[in-house]
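Lettering of chains follows the sequences in order, A, B, ..., and the numbering in each one begins at 1. Bear in mind the structure is a predicted one, so any value in this text is a computation, not a measurement. The figures that follow rest on heavy atoms only: side chains count, while hydrogens, waters and symmetry mates do not.
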Amino acid sequence: MRFSKMLIPTLKETPADAEAVSHILMLRAGYVRQLTAGLYIYLPLGLRVIEKISKILREEMNAIGAQEITMPVLHPSEVWQQTGRWYEIGEEMFRLKDRGSRDMCLGMTHEEIIAWLAAREIRSYRELPQIWYQIQIKLRDEARPKSGVIRTREFLMKDSYSLDADEKGLERSYQLHAEAYHKIFSRCGLKFYMVESDPGMMGGATAHEFMAPSPAGEDEFTMCDGCGYAANIELALSIPKEVEAKNWILEEVYTPEKRTVQEVSDFLQLDPEYFIKSILLISDKDPVLALVRGDQELHEKKLNRIIGKHRQAHKEEVKEILGVEAGFIGPMGHRLKIIADACLKEGVYVSGANKPHYHAKGIRPGKEFTAEWNDIHVVKEGDSCPKCNAPLRVERAIEVGNIFMLGTKYSIPMRAFYLDKNGQERPIIMGSYGIGPARIAAAAIEQNNDRDGIIWPKSIAPFDVELLPLNIRDSKTVEIAEKIYKGLTEEGIEVLMDDRDERAGVKFKDADLIGIPTQIIIGEKNLKEGLIEIKDRKTKEAVKVGFREVVEKILQSQIQAETGRAYLKS
RNA sequence: CGGGGAUUGGCUCAGAGGUAGAGCACUCGGUUCGGGACCGAGAAGUCACCGGUUCGAAUCCGGUAUCCCCGACCA
């Protein structure tokens, strides 16, 4: 392709409302434009990247026997009502009415539609297993679209769904996907981890996410270098560092106006881990007192699984229920249900004395109070691995893919049944698996850039090579450029030729910004000696070669880049 | 949904009661040509919207909308 004929609107300055590196670079390098919050236009370069990624997705999905189909974006409400999600999902679902005032919605995901299809088309165990997938638009009215293309209201998704006769089959399909996903993300040049995740609203018991480490990510996960334990912070378990038990005797200490752990800790000159933080929560049924150690944060989601929906009590409620003002609550002497983090089982602590301006020192859990013990703290860097006790790391990441074992959550309400060998009717066992191509692109940029711009992994770059004839008024330059362009193109190499009548500096800057991995520079000086420069975008290293050897050199490096794949050029 | 910030030419921004500015980009002419050149000339904005205060509002006061950030939420 010729640069002069392509829409590549690069920007010299950083757009005011972009913050994430991938967002800034996608805008500056002319890959995308924002229509409004969470809605993006993909320009020619952007589309090429998405298509490169889609191609890899198709190859790897097809390789595990998945079949591509395509389903509507517009759905009738009935199928969603049948599984109950029409009522469970709130404002995140775009809802509308058709002209006959029939309730419709825009698809956020397609479990319902797959189950609907399966209910009609799958009759016998002989037709199982199946894996169906599509690469198609999803719509979600996100509360807060952010970070450019990372969280949008409309986005492309590769979603696949497995249909199996039994749990064993589901495990096999799940495993196939996990392996395909590893290949996909590796081929896309991402650094990533597969971590345990919360199945959340998808239902089902087992789920994993594929996390590409990046400061622009919205998720945090923890990772053990010792045994490989890796989990989303939403459910990660850990053993907090041990605290030496003091031999305090129970006493009340005067702590005027000191309410937070930090304040009391400073006042008494004791580290926060010697404190018990008491938090009053109001659940649907009863108030509950949650206890975590002073150096920990209460994990809302973990607690959610134990006591269900809840919220923090207001100040007045604390006083009313516990008889003390917030800041001086302690775990002793209450009638209500107490849930404490497991690490509090041992040790001697300080906590509120249930008396204004007093704290109690020398509290021994099990003696001064009893509680239900559970892991309800948020994992911190440096905590120990629950499996092997090695130190845990915590990293921020972009969730680029996820896999869920669903079971029969959708097949039963949708009546997706089959007949087994004995002629008995059984629900199909489902799994669902997603990948966001735009997030792959964003993560690739987040992980591969420098001050000059994007550095694409070869596999998903919009072009293989950018050809830079520096001075297109020089006929020799143009002649050679055209030859190389033709030669490479005939070999199946995708070339972007910067044939604009621009100064060399402008072309260099744009080439670095756009981030095509290899640059071929044709300048008058080198040309006089019959030489052309081949420059690597990442290392900035350049080699000079005779212009007749250029095509061959490029071909060689392309083949090297395909390592591990049976790439044959006929 | 809670909190914070922003909104002035295509882009990045300045201007703080007296009627609109710069740099870049764009158009034309000239000079230049291996890391976002230079000189000259031009075109381009009902200062987000609605209302109020004022002789007079981009500027002060209400309100609304949109965008961004933090948090809650997140198939």
Side-chain angles (χ1 to χ4, degrees), chain A residues 9-20 23-24 27-28 30 33-39 75 80 83 85-86 88-94 105-114 138-148 150-153 155 157 159 161 197-204 207 209 216 218-219 232 234 300-301 304 309 311-312 399 401-404 406 409-410 432-434 436 451-453 468-474 477 498 500-513 519 521-528 531-533 535 540 542 544:
Chain A
T10 58
L11 266 23
K12 253 194 234 183
E13 279 170 295
T14 300
D17 48 14
E19 195 134 314
H23 189 202
I24 291 172
L27 290 169
R28 283 199 55 214
R33 285 296 181 259
Q34 188 187 83
L35 210 209
T36 185
L39 297 175
H75 301 175
W80 288 82
T83 63
R85 279 159 120 192
W86 178 261
E88 285 165 29
I89 298 172
E91 291 180 305
E92 207 184 338
M93 183 187 270
F94 280 109
C105 66
L106 302 180
M108 345 178 34
T109 176
H110 284 74
E111 284 77 16
E112 276 77 1
I113 312 300
I114 287 285
K138 299 282 177 280
L139 291 123
R140 297 177 193 176
D141 197 357
E142 291 287 351
R144 180 149 104 85
K146 57 184 281 203
S147 307
I150 292 173
R151 186 162 213 89
T152 54
R153 294 193 290 176
F155 58 97
M157 179 163 161
D159 46 325
Y161 305 86
S197 72
D198 183 357
M201 158 160 214
M202 293 296 300
E209 288 165 337
E218 305 177 280
D219 289 274
N232 192 309
E234 287 173 4
E300 299 282 340
K301 280 205 171 161
N304 219 333
K309 265 209 153 131
R311 61 171 172 83
Q312 283 217 8
E399 180 190 346
N402 51 31
I403 54 182
F404 296 93
L406 300 175
K409 174 166 179 183
Y410 301 94
S432 112
Y433 317 86
R451 120 172 60 74
D452 294 315
L468 300 165
L470 295 185
N471 180 6
I472 60 147
R473 293 165 186 218
D474 177 58
T477 300
D498 193 346
R500 294 175 301 169
D501 184 8
E502 287 287 356
R503 300 165 57 86
V506 173
K507 295 192 182 187
F508 285 133
K509 287 288 182 193
D510 275 347
D512 287 349
L513 223 206
Q519 301 172 359
I521 299 159
I522 305 172
E524 287 174 85
K525 283 172 205 155
N526 284 326
L527 213 50
K528 275 180 192 141
L531 295 174
I532 302 285
E533 218 173 293
K535 189 170 172 184
K540 305 246 167 159
K544 289 180 187 176

Q) Which whole number of Å gives the distance between the P atom of B/A25 and that of B/A20? A) 26 Å
Q.
What's the gap between B/C55 and B/C60 when it is taken at their C1' atoms, as a whole Å value?
A. 16 Å
Q. How is A/M157 classified with respect to the nucleic acid when contacts are heavy atoms under 4.0 Å: base, sugar-phosphate, or nothing?
A. base
Q) Rounded to whole angstroms, how far apart are CD on A/E92 and P on B/C1? A) 14 Å
**Q.** Nearest-Å distance once atom P is located in both B/G29 and B/G18
**A.** 41 Å
Q) Want to settle it: does A/L527 or A/E234 sit nearer the 5' end of RNA chain B, counting the closest nucleotide to each? A) A/L527
Q: Would you mind building the protein contact string for nucleotides 6-13 of chain B? One character per nucleotide, 5' to 3', B for base within reach (heavy atoms under 4.0 Å), S for sugar-phosphate only, - for untouched.
A: -----BSS
Q: Just jot down the side-chain hydrogen bond (donor to acceptor under 3.5 Å, both in side chains) partners of A/K535, sequence neighbours excluded, or say none.
A: none
Q. Touch check for A/E399, heavy atoms < 4.0 angstrom, all strands: base, sugar-phosphate only, or nothing?
A. nothing
Q.
Going by side-chain hydrogen bond (donor to acceptor under 3.5 Å, both in side chains), name the residues that satisfy it together with A/E92, two or more places apart in sequence or in a different chain.
A. none
Q. Touch check for A/D159, heavy atoms < 4.0 angstrom, all strands: base, sugar-phosphate only, or nothing?
A. nothing
Q | Salt-bridge contact A/K301-A/E234 (side-chain N to carboxylate O under 4.0 Å) | A | yes
Q: Between B/G34, B/C69, B/G36, spot the one nearest the side chain of A/K12, thanks.
A: B/G36
Q: Look at the side chain of A/K535 against the base of B/G35 and say whether a donor-acceptor pair falls under 3.5 Å; ignore hydrogens and angles.
A: yes
Q: Not counting sequence neighbours, which residues clear ring pair (Phe, Tyr, Trp, His ring centres under 6.0 Å) with A/Y433? List them please.
A: A/H177
Q | Non-neighbouring partners of A/N304 that pass side-chain hydrogen bond (donor to acceptor under 3.5 Å, both in side chains), sequence neighbours left out | A | none
Q: Only counting residues at least two apart or in another chain, list the ones meeting side-chain contact (heavy atoms from CB on, under 4.5 Å) with A/S147.
A: A/A20, A/I150
Q: Remember a base hit wins even if backbone is also touched, and classify A/S147 as base, sugar-phosphate or nothing at under 4.0 Å, heavy atoms.
A: sugar-phosphate
(Q) For the P atoms, the ones on B/U59 and on B/G9, what distance do you get once it is rounded to whole angstrom? (A) 15 Å
(Q) Please report the distance separating the P of B/U64 from the corresponding atom of B/G4, rounded so that it comes out in whole Å. (A) 14 Å
Q. What interatomic distance, in whole Å, is found between C1' of B/U12 and the corresponding atom of B/A6?
A. 14 Å
Q. For B/C70, does OP1 or OP2 lie under 4.0 Å from any side-chain N or O of A/R144?
A. yes
**Q.** Contacts of type salt bridge (charged side-chain N to carboxylate O under 4.0 Å, His left out), residue A/D452, not counting sequence neighbours
**A.** A/K540
Q: Check every atom of B/C73, B/G34, B/G36 against the side chain of A/A143 and return the nucleotide holding the closest atom.
A: B/C73
Q) When only distance counts, do a donor and an acceptor, one from the side chain of A/N471 and one from the base of B/G34, lie under 3.5 Å apart? A) no
**Q.** Distance below 4.0 Å between A/T36 side-chain N/O and B/U66 OP1 or OP2
**A.** no
Q) A/L470 has an atom CG; how far is it from atom P of B/G35, in whole Å? A) 9 Å
**Q.** Secondary-structure stems, RNA chain B, at least 3 Watson-Crick or G-U base pairs under 3.5 Å
**A.** B:1-7 with B:65-71, B:10-13 with B:21-24, B:26-30 with B:38-42, B:48-52 with B:60-64
**Q.** Sugar-phosphate, base or nothing in reach of A/R28, heavy atoms under 4.0 Å
**A.** base
Q. Listed by chain and number, what are the side-chain hydrogen bond (donor to acceptor under 3.5 Å, both in side chains) partners of A/K544, not counting sequence neighbours?
A. A/N526
Q | Polar side chain donor-acceptor pair, A/N232 to A/E209, under 3.5 angstrom | A | yes
Q: Rounded to the nearest angstrom, tell me the gap between atom CG in A/N232 and atom C1' in B/C73.
A: 15 Å
Q. Considering only heavy atoms and no angle criterion, is a donor-acceptor pair shorter than 3.5 Å present between the side chain of A/E502 and the base of B/G35?
A. no
**Q.** Residue pair A/K146 / A/H23, side-chain donor-acceptor N/O under 3.5 Å
**A.** no
Q | 4.5 Å side-chain heavy-atom contact, A/Y410 and A/R85 | A | yes
(Q) Just the rounded figure in Å: distance from C1' of B/C1 to CD of A/E142. (A) 14 Å
Q) Rounded to whole angstrom units, what separation is found between the CZ atom of A/F508 and the P atom of B/C33? A) 15 Å
Q. A/E502: what forms a side-chain contact (heavy atoms from CB on, under 4.5 Å) with it, not counting sequence neighbours?
A. A/R500, A/V506, A/K507
**Q.** Nucleotide B/G35, atom P - distance to CG of A/L468 in whole Å
**A.** 13 Å
Q. Any side-chain donor-acceptor pair under 3.5 Å between A/Q519 and A/D512?
A. yes
Q: Describe the nucleic acid contact of A/L139 in one word from base, sugar-phosphate, nothing, applying a heavy-atom distance below 4.0 Å.
A: nothing
Q: Can you sort out the partners of A/I24 under side-chain contact (heavy atoms from CB on, under 4.5 Å), two or more places apart, ordered by chain and number?
A: A/T14, A/A18, A/R28
(Q) Roughly how many Å apart are B/G21 and B/G62, using the C1' atom of each and rounding to a whole number? (A) 29 Å
What protein N or O atoms touch nucleotides 29-32 of chain B N or O atoms at under 3.5 angstrom, if any, and at what distances?
unit_1: B/U32; atom_1: O2; unit_2: A/R503; atom_2: NH1; d: 2.8

Q: Give one of base, sugar-phosphate or nothing for A/E218, where a contact means two heavy atoms less than 4.0 Å apart.
A: nothing
Q) Which whole-number value in Å describes the distance from A/R500 CZ to B/C26 P? A) 10 Å
(Q) Without decimals, in angstroms, what is the distance between A/D512 CG and B/G35 P? (A) 12 Å
Q. With rounding to whole Å, what would you report as the distance between B/G10 and B/A44 at their P atoms?
A. 12 Å
